[in-house]
Amino acid sequence: MDLRGLVHAYFQHYTIIAYLALAALCVVGFVWRPAAALPTAIAFAAGVAVYPLVWHLLHQYVLHGKWMWRHKWLAPTWKRIHYDHHQDPNNLSVLFGALHTTLPTIAIATLPIGWLIGGFGGAMAALCAGLLTTCYYEFMHCIQHLAFKPKWKWVQHMKQRHNEHHYFDETGNFGITNYGWDRLLGTYYEKKDRPKRSPTVFNLGYDETIAEQWPYVKDLSGGIASGHPRRRVMGKEGFDPAKQAGGNDQGQQASA
């Protein structure tokens, strides 16, 4: 995939269209009740600055936390927004964030700060900044997971660190657009710094033992896949729920 194809596919996705449409509405809201220039600039900058920290904390303590799978009403959300993504990092159907989780998060992270700085106009500026920063985040995330080889060294660095998070050790490198907070919070690493691959890198710790007590995610997935996704598809490693489900269907048809 070349850069032109990546950009074309990116702007066709419904989540990006939604973010840009809402950002345009923020501009309309700001024009209706504007804030002064300085508070507007500060609110917009705050919306951009808060995003990496909010994302890091949510990524580490919520998406990689070991509590959402314990609740029947939270398990489907956790499965959709992160478990499925780690089960198969190149599955494009779960590459982009789910709007019902991302939009409330962006609003909660930006609107109060913007309002304190510049009232309604400041809130609109901060929310617009959060939405546009999310678009940037999703674009970088696409680069990290699609068959696109970036030419810029700083993007290559980010892609390598993110691939290590998905294929080597999920307990570090939580950033997407930068790894500043990983460095400050002690979660930054390079593959050479860790002796071996994490056994839970593809299931986030949700294994058969956990599923015995909290089966909600397993029931929704048709099983628990393990092993490298490519080797799993080739039948060389781990368990493939899709194949198992297909085998069960065939067995049920044969018995009928």
Side-chain angles (χ1 to χ4, degrees), residues 9-26 46-115 123-124 126-146 162 165-166 170-171 173-178 181-182 187 200-206 210 214 216-221:
Y10 169 82
F11 280 106
Q12 285 188 325
H13 200 273
Y14 73 94
T15 58
I16 303 305
I17 295 172
Y19 294 140
L20 294 176
L22 289 171
L25 287 177
C26 288
V48 173
V50 74
Y51 192 94
L53 175 59
V54 171
W55 166 250
H56 180 105
L57 295 177
L58 287 174
H59 194 183
Q60 182 174 0
Y61 296 109
V62 177
L63 302 185
H64 282 262
K66 302 183 185 302
W67 54 274
M68 289 186 74
W69 66 51
R70 303 182 183 191
H71 305 279
K72 188 174 183 178
W73 60 283
L74 285 176
T77 298
W78 182 72
K79 174 186 181 301
R80 161 60 183 89
I81 62 178
H82 217 57
Y83 176 75
D84 286 350
H85 184 45
H86 269 264
Q87 286 275 279
D88 186 357
N90 292 330
N91 181 355
L92 302 186
S93 67
V94 292
L95 177 59
F96 289 82
L99 290 177
H100 71 280
T101 60
T102 58
L103 291 179
T105 302
I106 297 167
I108 291 170
T110 59
L111 285 175
I113 295 175
W115 189 279
M124 291 297 98
L127 178 58
C128 183
L131 291 164
L132 295 178
T133 303
T134 302
C135 289
Y136 170 64
Y137 153 84
E138 292 287 20
F139 186 72
M140 300 306 298
H141 202 207
C142 284
I143 288 177
Q144 291 161 353
H145 285 284
L146 297 180
H162 190 65
H165 171 79
H166 273 286
E170 80 284 7
T171 63
N173 294 347
F174 293 103
I176 298 293
T177 58
N178 70 78
W181 285 108
D182 280 288
T187 54
T200 57
V201 69
F202 297 120
N203 63 25
L204 306 184
Y206 185 81
I210 295 293
W214 296 289
Y216 314 120
V217 173
K218 181 178 180 179
D219 292 344
L220 291 168
S221 304

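Quick note: residue numbers are just sequence positions, from 1.
Partners of Tyr206 under the side-chain hydrogen bond (donor to acceptor under 3.5 Å, both in side chains) rule, at least two apart in sequence or in another chain, do not exist in this structure. Asp219 meets the side-chain contact (heavy atoms from CB on, under 4.5 Å) test with Pro215; sequence neighbours excluded. In this structure, Tyr216 has no ring-ring contact (aromatic ring centres under 6.0 Å, His included) partners at least two apart in sequence or on a different chain. For Ile81, the side-chain contact (heavy atoms from CB on, under 4.5 Å) criterion is met by Leu63, Thr77, Ala98, Thr101, not counting sequence neighbours. Scored by the side-chain hydrogen bond (donor to acceptor under 3.5 Å, both in side chains) test, Asp182 finds Thr187 as partners (sequence neighbours excluded). Evaluation of the side-chain hydrogen bond (donor to acceptor under 3.5 Å, both in side chains) rule for Asn178 yields no partner, not counting sequence neighbours. Partners of Leu146 according to the side-chain contact (heavy atoms from CB on, under 4.5 Å) rule, which considers only residues two or more places apart in sequence or in another chain, are Met1, Leu6, Leu92, Leu95, Cys142.
Considering CG of Leu25 and SG of Cys128, their distance stands at 10.0 Å, rounded to 0.5 Å. To the nearest 0.5 Å, atom OH of residue Tyr10 and atom CD1 of residue Ile143 are 10.0 Å apart.
Side-chain contact between Leu131 and Ile106 is present, with heavy atoms from C-beta onward closer than 4.5 Å. The closest side-chain heavy-atom distance from Tyr19 to Leu103 is below 4.5 Å. In this structure the side chain of Leu20 reaches within 4.5 angstrom of the side chain of Leu132, judged on heavy atoms.
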Only pairs under 3.5 Å count here: list side-chain donor-acceptor contacts from residues 11-18, not counting sequence neighbours, and write none if there are none.
residue : atom : partner : partner atom : Å
His13   : ND1  : Thr15   : N            : 3.3
His13   : ND1  : Thr15   : OG1          : 2.8

Would you be so kind as to tabulate the donor-acceptor pairs closer than 3.5 Å made by side chains of residues 49-56, with sequence neighbours excluded?
residue : atom : partner : partner atom : Å
Trp55   : NE1  : Phe174  : O            : 3.0
His56   : NE2  : Gln60   : OE1          : 3.0

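The aromatic rings of His59 and His82 sit perpendicular to each other, their planes meeting at more than 60°, with 30° as the lower class boundary.
Evaluation of the side-chain hydrogen bond (donor to acceptor under 3.5 Å, both in side chains) test over residues 127-144, restricted to residues two or more places apart or in two chains, returns His85-His141, His141-His145, His141-His162. Here salt bridge (Lys or Arg N to Asp or Glu O under 4.0 Å) pairs that include residues 48-75, with residues two or more places apart or in two chains, number zero.
Checking each of Arg80, His86, Gln87 against Tyr83 for a side chain to side chain contact (heavy atoms under 4.5 Å, CB included) leaves exactly one that passes, namely Gln87.
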